[in-house]
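Step one of this worksheet: look at the structure below.
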Protein chains: 2
Amino acid sequence: MRIGELAKATGTKAETIRYYEREGILPAADRTDSNYRDYSDNHLAALTFVRRARQLGFSMAQVRELLDLSDRADKPCQEVDELVHEQLEEVEQRIVDLLSLRDELRLLLRSCQANRIDECRIVGSLARPLGRVTR
Amino acid sequence: MRIGELAKATGTKAETIRYYEREGILPAADRTDSNYRDYSDNHLAALTFVRRARQLGFSMAQVRELLDLSDRADKPCQEVDELVHEQLEEVEQRIVDLLSLRDELRLLLRSCQANRIDECRIVGSLARPLGRVTR
DNA sequence: TATGCACCTTGTAGCAACTACAAGGTCAAG
DNA sequence: CTTGACCTTGTAGTTGCTACAAGGTGCATA
Ligand SMILES: [Zn+2]
Ligand SMILES: [Zn+2]
Ligand SMILES: [Zn+2]
Ligand SMILES: [Zn+2]
């Protein structure tokens, strides 16, 4: 299959696929006589793996590790497990951070009672360092 | 005050402060005889405003808007309000996304019962497109 | 046959918001 | 007088793509 087909099949832009190849995330494809990339089902599987891992929030570096690990069939899968565990912890931390951000923004919104900018508590409380919000 | 002091006072790296100046986010500072930047309390207030807005997740473009607005004392503060509202909505959306990511990662973790990578369901389910997880 | 159009190729540059040098100038202390 | 902390400018790197530009290829249609 050509790059456009693979792109459609995986929901990836062709340019991104070429980028993955340049970065060594995906193996290079065969070439047709006219120098077009020619992909196999193995490439489809590999790209699917990569995209899924990326959608799960793994960094390119982590994806590289996952790919390396998935090639070592006989190894214990503890390291894979640990990578997922770490990613989960990071996501949980980001959620905590965003929740407190949300609370701060809500407070900020509620603080505006005025009509003119020079009386607006939002503008005022932006001028104060984080930690001491409104109140 | 010199750039290092301002940096310490606001928890910003000196290089970031210079970057803000280059980008027009902060007004240029006076210079001493030896060409060192020399900041006033107004600069301290402005940088505090910027850093606080950034910590609240506003983009540089949004910070620019907020700064412009905060200069127009007599305008109604509806636009400020609306900017905060939009940022709140974005944060809420990011939370929703991360929560479903977290659930997927938890499922993934629970799916590993094996010991060897070729039997590991984590690796297996990464090879499948998103949407159909495990099971 | 010509021509149009979608597709492919490489290479380069841009995005956000910093961060990290490198190479050199300034200033106070020991 | 030298050390060391600080400052200056300028340039390049980070992450993960995305967007051209300039040209080649493949196929259907007038
Ligand atoms: Zn762990
Ligand atoms: Zn207001
Ligand atoms: Zn709104
Ligand atoms: Zn496993």
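In what follows, every chain begins at residue 1, and chains take the letters A, B, ... in the order their sequences are listed.
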Contact nearer the 5' end of DNA chain D, comparing A:Tyr19 with A:Asp33: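 By nearest-heavy-atom nucleotide position, the 5'-most residue is A:Tyr19.
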
Closest listed nucleotide, where the reference is the side chain of B:Arg2 and the choices are D:dT8, C:dC8, D:dC7: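 That would be D:dC7.
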
Options D:dC7, D:dT18, C:dT19, nucleotide nearest the side-chain atoms of B:Ile3: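 For B:Ile3, the side-chain atoms sit closest to D:dC7.
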
[X] [atom1] - [N] [atom2] separation (whole Å):
{"X": "B:Asp30", "N": "D:dT8", "atom1": "CG", "atom2": "P", "answer": "13 Å"}
{"X": "B:Asn35", "N": "C:dG25", "atom1": "CG", "atom2": "P", "answer": "13 Å"}
{"X": "A:Ile17", "N": "D:dG16", "atom1": "CD1", "atom2": "C1'", "answer": "15 Å"}
{"X": "A:Glu21", "N": "D:dC17", "atom1": "CD", "atom2": "P", "answer": "15 Å"}
{"X": "A:Arg22", "N": "D:dG16", "atom1": "CZ", "atom2": "C1'", "answer": "11 Å"}
{"X": "B:Asp38", "N": "C:dT26", "atom1": "CG", "atom2": "C1'", "answer": "15 Å"}

Check whether any side-chain heavy atom of [X] sits under 4.5 Å from a side-chain heavy atom of [Y], and report yes or no.
{"X": "B:Val84", "Y": "B:Leu56", "answer": "no"}
{"X": "B:Glu104", "Y": "B:Leu107", "answer": "no"}
{"X": "A:Glu21", "Y": "A:His43", "answer": "no"}
{"X": "B:Val50", "Y": "B:Arg54", "answer": "yes"}
{"X": "B:Ile25", "Y": "B:Phe49", "answer": "no"}

Side-chain N or O of [X] less than 4.0 angstrom from OP1 or OP2 on [N]?
{"X": "A:Arg31", "N": "C:dT10", "result": "yes"}
{"X": "A:Tyr20", "N": "D:dG16", "result": "no"}
{"X": "A:Ser34", "N": "D:dG26", "result": "yes"}
{"X": "B:Arg37", "N": "D:dT8", "result": "yes"}
{"X": "A:Lys13", "N": "D:dG16", "result": "no"}
{"X": "A:Arg51", "N": "D:dC17", "result": "yes"}

Distance-only donor-acceptor test, B:Tyr36 side-chain atoms vs C:dG25 base atoms, 3.5 Å: yes

Side-chain donor-acceptor contact under 3.5 Å, B:Thr10 with B:Arg51: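 The criterion, which ignores hydrogens and geometry beyond distance, is not satisfied for B:Arg51 and B:Thr10.
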
Upstream residue (5' side of DNA chain C) when A:Glu15 and B:Thr32 are each assigned their closest nucleotide: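 Nearer the 5' end of the strand: A:Glu15.
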
5'-most by nearest nucleotide on DNA chain C - B:Arg18 or B:Arg54: B:Arg54

Check: B:Cys120 main-chain N/O paired with B:Arg116 side-chain donor or acceptor under 3.5 Å: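 Answer holds: no.
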
For DNA chain C, the residues among residues 57-69 of chain B that have a non-hydrogen atom under 4.0 Å from it: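 Here the set is B:Ser59, B:Met60.
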
Set of side chain to side chain donor-acceptor pair (under 3.5 Å) partners for A:Asn115, sequence neighbours left out: none

